[in-house]
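What you see is a predicted model; the values in this text were computed from it and never measured.
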Amino acid sequence: MSDQPQPQQPNQGWAPREPEAAAAPEAPGAPGAAGGEKPKKAKRPKRTGWRRAIPTWRMTLVGFIALVALLIGAFYLGYSMVKIPPANALATKQSNVYLYADGSQLARDGEVNRENVGLAQISANAQHAVLAAEDRDFFTESAVDPKAMVRAAWNTATGKGTQSGSTITQQYVKNYYLGQEQTVTRKVKEFFISIKLDRTESKAEILEGYLNTSYFGRNAYGIQAAAQAYYGKDATDLDAGRGAYLAALLNAPSEYDVVAHPENKAAAVARWNYVLDGMVKKGWLTESARAGMKFPMPKEATASTSMSGQRGYIVGAIKDYLTTNKIIDADTLEAGGYRITTTLQKSKQDAFVKAVNDQVMSKLDKKSRKVDNYVRAGGASVDPKTGNIVAMYGGIDYVKQYTNGATRGDFQVGSTFKPFVLASAIQNDSQTQDGQTITPNTYYDGTNKRPVEGWSGGSYAPENEDQASYGDITVRTATDKSVNSVYAQMAVDVGPTKVKQTAVDLGIPSDTPDLTATPSIALGPSTASVLDMAEAYATLANHGQRHTYTMISKITKDGTAEIKLPERKTTRAVSRESADTTTSVLQSVVDNGTATAAQAADRPAAGKTGTAEEDTAAWFAGYTPDLATVVSVMGQDPTTAAHKSLYGAMGLERVNGGGAPAEIWAQFTKSALKGTEASDFDLDLQEGAETVAPPSLQPTQPATTTGDQDNGGTTTTGGQGQTQGGTTDGGTTTTDGGTTTTTGGTTGTTTTGGTTTDGGTTTTDGGTTGTTTDGGTTTTGGTTGTTTDGTTDGTTTGGTTAGPQSTGRKKE
């Protein structure tokens with residue numbers, strides 16, 4: 001091996017390099033020079049003084065990016081977390097509006113005076129006025145105005161006062177979903193809910209909601225309530241001037257009420273002008289129309305939500321009707337929003353109140369007469385042809401006497417129930433105990449405390465009023481005089497169960513207290529309401545056709561959705577002959593009986609008086625062909641609510657149905673029907689009801705002789721007839737030794753010890769048979785007669801006589 005250095009082999013990956021240029025010699029001491037230090041980069045000079053407080057552009061950029069990210073995150077978080085809540089209680093609470101049949105307002109209920117309506121029920125002028133006042137670009141702008149919202153929030157947070165600046169959408173969210181508190185939290189929620197709402201509801205829906213939830217003053221929430229409160233109009237009838245004033249109120253509801261605060265009229269008018277100018281600017285109102293416009297002064301404020309007077313009674317009765325008939329349940333009705341048109345007629349309603357005031361209330365002296373403090377009254381009037389209630393009297397004032405006198409069911413109806421017994425008798429072709437068909441001319445024994453016959457439920461012998469006894473009288477006369485003993489017996493003859501069913505068919509509720517199938521049912525111990533009795537009497541007036549009464553003709557919800565009412569049915573309660581014959585008898589009560597005071601109505605009328613036990617209530621139930629009305633005057637202790645007798649009330653010895661109730665009825669009926677043509681009853685009577693049939697045409701059976709039965713008797717010669725009461729009219733009587741001879745259609749009386757011919761039976765020239773018991777009857781001329789115990793008791797008129805047909809006797 002050579003000692004010369006060997007060339008080195010390149011390492012793997014080596015590549016030849018270009019020769020480098022010779023480096024320039026470095027200055028002594030320079031960095032990198034032999035024996036010197038490595039060179040360093042130059043530092044920026046430090047910021048001193050005020051410059052240290054200013055962020056660099058890098059810091060600004062980073063901060064801006066972070067802020068944007070934070071805002072985006074906060075928005076996303078807020079949008080995700082804030083949900084659209086259910087409406088607040090105040091926003092959904094509405095009043096119910098009650099209207100008379102003609103559409104005029106009767107009452108409002110509820111603490112919140114609001115009636116929601118659809119946008120179509122708000123005039124375009126009113127809509128534009130509100131937009132001009134509150135948010136002129138509502139239909140084109142976004143749901144929120146961030147700048148105005150930040151400004152309002154800042155002012156609220158820093159205590160500089162409240163400021164809105166919100167869009168209509170935001171104001172609606174505040175009214176409907178949130179509340180009126182001015183807090184940052186509420187503003188934040190309002191912001192996010194508004195954005196969400198704008199994505200789910202149309203602008204029209206939001207505007208409608210805003211107009212129904214905004215407060216206008218005078219306890220009026222929503223533009224419909226405001227239109228009524230300030231101008232007595234519906235929102236659909238608002239013109240530009242009135243709409244602009246209501247829109248101006250939104251800015252300061254209490255301060256801009258120029259009636260309550262006349263000192264602020266200038267400010268209110270200025271705001272009104274601002275609204276109108278905005279309407280012109282937006283093209284919603286022409287300049288010419290604007291130029292001729294005068295400020296529309298609102299009406300005086302009224303207590304529209306008051307339940308005073310008759311309002312409370314009527315509203316309560318309507319609510320009961322709706323819930324009882326399952327039209328609207330109580331909770332739903334309480335939430336409000338219903339517009340209820342009643343069948344009540346304002347003129348008749350006012351007439352009823354006046355009649356009660358004139359005939360009763362004005363005659364009370366509560367300081368001098370303690371009993372006058374007990375007096376209450378109730379009344380109801382029904383159109384027989386429709387069943388519509390046209391008027392109702394509940395009491396002197398709902399806020400003073402809470403209980404409705406027309407609907408309460410705790411006072412006995414008394415003798416006003418008796419017509420139902422007669423109607424049932426005719427309806428069922430009932431007969432007396434001796435088999436005679438009951439008609440208005442059937443005779444009954446009207447003796448006081450006469451025990452009823454044919455009743456197996458125990459002894460019953462009712463008293464007549466004032467303990468009066470009448471002897472044998474017709475059903476018509478017994479009705480005129482309201483004889484209890486006759487009607488108790490008639491109830492047994494018909495059957496108490498049938499009587500009860502007829503009353504129910506006519507309109508008396510089957511669950512009426514004390515409506516029991518006993519002989520006493522005829523005397524009216526049951527406690528039907530005035531309204532129930534009015535329905536039953538209206539059925540009689542309508543020839544036996546029953547229309548179930550109603551108080552409501554139409555119901556709408558939120559101004560548009562109509563609520564379906566139950567289908568009304570007409571039923572045949574009793575036959576026409578039954579109803580009309582009863583009407584004929586009740587006409588006699590007005591013409592000749594206990595209800596002559598009702599003649600003051602100057603109309604053909606039928607009716608019946610009634611008195612409760614111990615005179616705690618007096619009734620009159622009557623009708624014309626066009627109107628059925630029932631009135632009751634009742635006695636009740638105002639402190640204990642106990643029933644009280646009315647003896648001495650109004651300075652009278654007693655109060656009965658023929659007094660104040662009939663007088664109220666007459667005055668009301670005359671006023672209610674004023675201007676209408678009086679019409680007569682068109683009656684189809686029961687056979688034999690109008691005229692008295694002769695004895696030969698009465699139902700007959702073989703004559704019998706009963707030695708111990710006192711049935712009365714007649715002796716006639718030369719004619720046919722009917723006798724009553726021992727009086728002779730149109731004939732002559734001769735008595736000779738106990739023998740009576742009557743000639744020429746004249747009736748006579750045979751005393752004990754008469755003459756008997758052929759063993760008690762005489763066949764006369766006419767071939768008619770007479771019967772003699774313990775005495776005798778002489779008949780000449782072809783007619784029979786019967787004498788018992790030698791006594792004939794009869795009446796002859798114009799030569800026509802017939803014997804009394806009292807219950808318990810054999811047919812002649």
Side-chain angles (χ1 to χ4, degrees), residues 348 351-360 362-363 377 379-384 390-391 393 413-419 422 440 465 473-483 530 533-534 536-538 540-543 579-611 617-633 650 652-683 685 689-690:
K348 292 181 174 60
F352 218 140
V353 173
K354 187 176 189 306
V356 176
N357 288 340
D358 290 349
Q359 300 299 334
V360 175
S362 64
K363 300 177 181 179
S381 186
V382 178
D383 181 345
V390 297
Y393 183 89
V413 302
S415 292
T416 56
F417 196 93
K418 286 174 180 172
L422 176 58
E465 187 174 6
I473 56 175
T474 63
V475 169
R476 186 181 296 274
T477 303
T479 310
D480 288 350
K481 299 180 181 298
S482 199
V483 181
V530 166
M533 294 296 288
Y537 270 73
L540 293 175
N542 196 40
H543 310 294
D580 287 1
T581 303
T582 302
T583 296
S584 172
V585 173
L586 296 183
Q587 282 185 280
S588 180
V589 175
V590 174
D591 294 339
N592 310 303
T594 57
T596 54
Q599 295 174 14
D602 293 336
R603 297 269 173 165
K608 185 70 185 74
T609 58
T611 308
W619 296 69
F620 180 69
Y623 50 93
T624 70
D626 304 304
L627 202 60
T629 305
V630 177
V631 179
S632 180
V633 177
M650 296 179 283
L652 303 173
E653 182 178 350
R654 65 189 303 179
V655 177
N656 53 39
E663 291 162 355
I664 292 171
W665 185 93
Q667 179 177 330
F668 164 73
T669 301
K670 184 175 183 178
S671 178
L673 297 178
K674 185 178 180 180
T676 64
E677 185 178 353
S679 56
D680 290 323
F681 289 104
D682 178 20
L683 303 180
L685 302 182
E690 190 170 11

Enquirer: To the closest 0.5 Å, what do you measure between OG1 (Thr629) and CG (Leu673)?
Expert: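 Those atoms lie 8.0 Å apart.
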Enquirer: Calculate, to the nearest 0.5 Å, the distance between atoms CG and OG1 belonging to Asp591 and Thr596 respectively.
Expert: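 Here the interatomic distance stands at 9.5 Å.
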Enquirer: Spell out, as yes or no, whether a donor-acceptor pair under 3.5 Å connects the side chain of Lys418 to the backbone of Ser482.
Expert: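 The answer is yes, because a donor-acceptor pair under 3.5 Å joins these two groups.
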Enquirer: Just one of Val483, Asp480, Thr479 clears the side-chain contact (heavy atoms from CB on, under 4.5 Å) bar with Ile473, so which one?
Expert: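 Output: one option passes, namely Val483.
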Enquirer: Please report the closest heavy-atom contact between Val590 and Gln599, naming both atoms and the distance.
Expert: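 Of all heavy-atom pairs spanning Val590 and Gln599, the closest is O-NE2, 2.7 Å.
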Enquirer: Taking Gln359 for the side chain and Pro661 for the main chain, is one N or O donor matched with an acceptor at less than 3.5 Å?
Expert: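 Flag not set: sc Gln359 to bb Pro661 has no pair under 3.5 Å.
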Enquirer: Do you know which two heavy atoms are closest between Thr416 and Met533, and how far apart they sit?
Expert: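 That closest heavy-atom pairing would be OG1-CE, 3.3 Å.
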Enquirer: Distance from Asp580 atom CG to Leu586 atom CG, nearest 0.5 Å?
Expert: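 Between atom CG of Asp580 and atom CG of Leu586 there are 11.5 Å.
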Enquirer: Counting only N and O atoms by type, is there a donor-acceptor contact under 3.5 Å from the side chain of Arg603 to the main-chain atoms of Asp626?
Expert: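 Flag not set: sc Arg603 to bb Asp626 has no pair under 3.5 Å.
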Enquirer: Hey, does Pro419 have a side-chain heavy atom less than 4.5 Å from the side chain of Val585?
Expert: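 With C-beta onward as the side chain, the pair stays apart.
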Enquirer: Shortest non-hydrogen contact from Pro604 to Ser679?
Expert: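 Pro604 and Ser679 have their closest heavy atoms at CG-O, 3.5 Å.
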Enquirer: Specify the closest pair of heavy atoms between Thr581 and Pro440, including all atoms of both residues, with the distance to one decimal.
Expert: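 Closest pair (atom of Thr581, atom of Pro440, distance): CG2-CG, 3.5 Å.
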Enquirer: Side-chain contact test, heavy atoms from C-beta onward, threshold under 4.5 Å: evaluate it for Tyr393 versus Val631 and give yes or no.
Expert: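 With C-beta onward as the side chain, the pair stays apart.
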Enquirer: Rounded to the nearest 0.5 Å, what separation is found between the OG1 atom of Thr583 and the OH atom of Tyr537?
Expert: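 It is 10.0 Å, given to the nearest 0.5 Å.
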Enquirer: So Thr611 and Asn656, side chain to side chain donor-acceptor pair (under 3.5 Å) or not? Walk me through it.
Expert: CA-CA 6 Å; Thr611 308; Asn656 53 39; over 6 Å; no
Enquirer: Hey, does Gln587 have a side-chain heavy atom less than 4.5 Å from the side chain of Leu683?
Expert: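 Yes, their side chains come closer than 4.5 Å.
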Enquirer: According to ring-ring contact (aromatic ring centres under 6.0 Å, His included), who are the partners of Trp665, at least two apart in sequence or on a separate chain?
Expert: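 By the ring-ring contact (aromatic ring centres under 6.0 Å, His included) rule, Trp665 matches Phe620.
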Enquirer: Calculate, to the nearest 0.5 Å, the distance between atoms CG and CD belonging to Asn357 and Gln667 respectively.
Expert: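 The CG atom of Asn357 sits 9.5 Å away from the CD atom of Gln667.
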Enquirer: Give the intermediate values and the outcome of side chain to side chain contact (heavy atoms under 4.5 Å, CB included) for residues Trp619 and Val530.
Expert: CA-CA 9 Å; Trp619 296 69; Val530 166; 3.7 Å; yes
Enquirer: Please identify each residue that fulfils ring-ring contact (aromatic ring centres under 6.0 Å, His included) with Phe668, with sequence neighbours left out.
Expert: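 Phe668: ring-ring contact (aromatic ring centres under 6.0 Å, His included) contacts with Phe352.
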Enquirer: In Å, rounded to the nearest 0.5 Å, how long is the span from NZ of Lys354 to CD1 of Ile664?
Expert: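 The distance works out to 12.5 Å.
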Enquirer: So which pairs with a foot in residues 656-676 pass salt bridge (Lys or Arg N to Asp or Glu O under 4.0 Å), sequence neighbours left out?
Expert: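 Residue pairs with at least one partner in residues 656-676: Asp602-Lys670.
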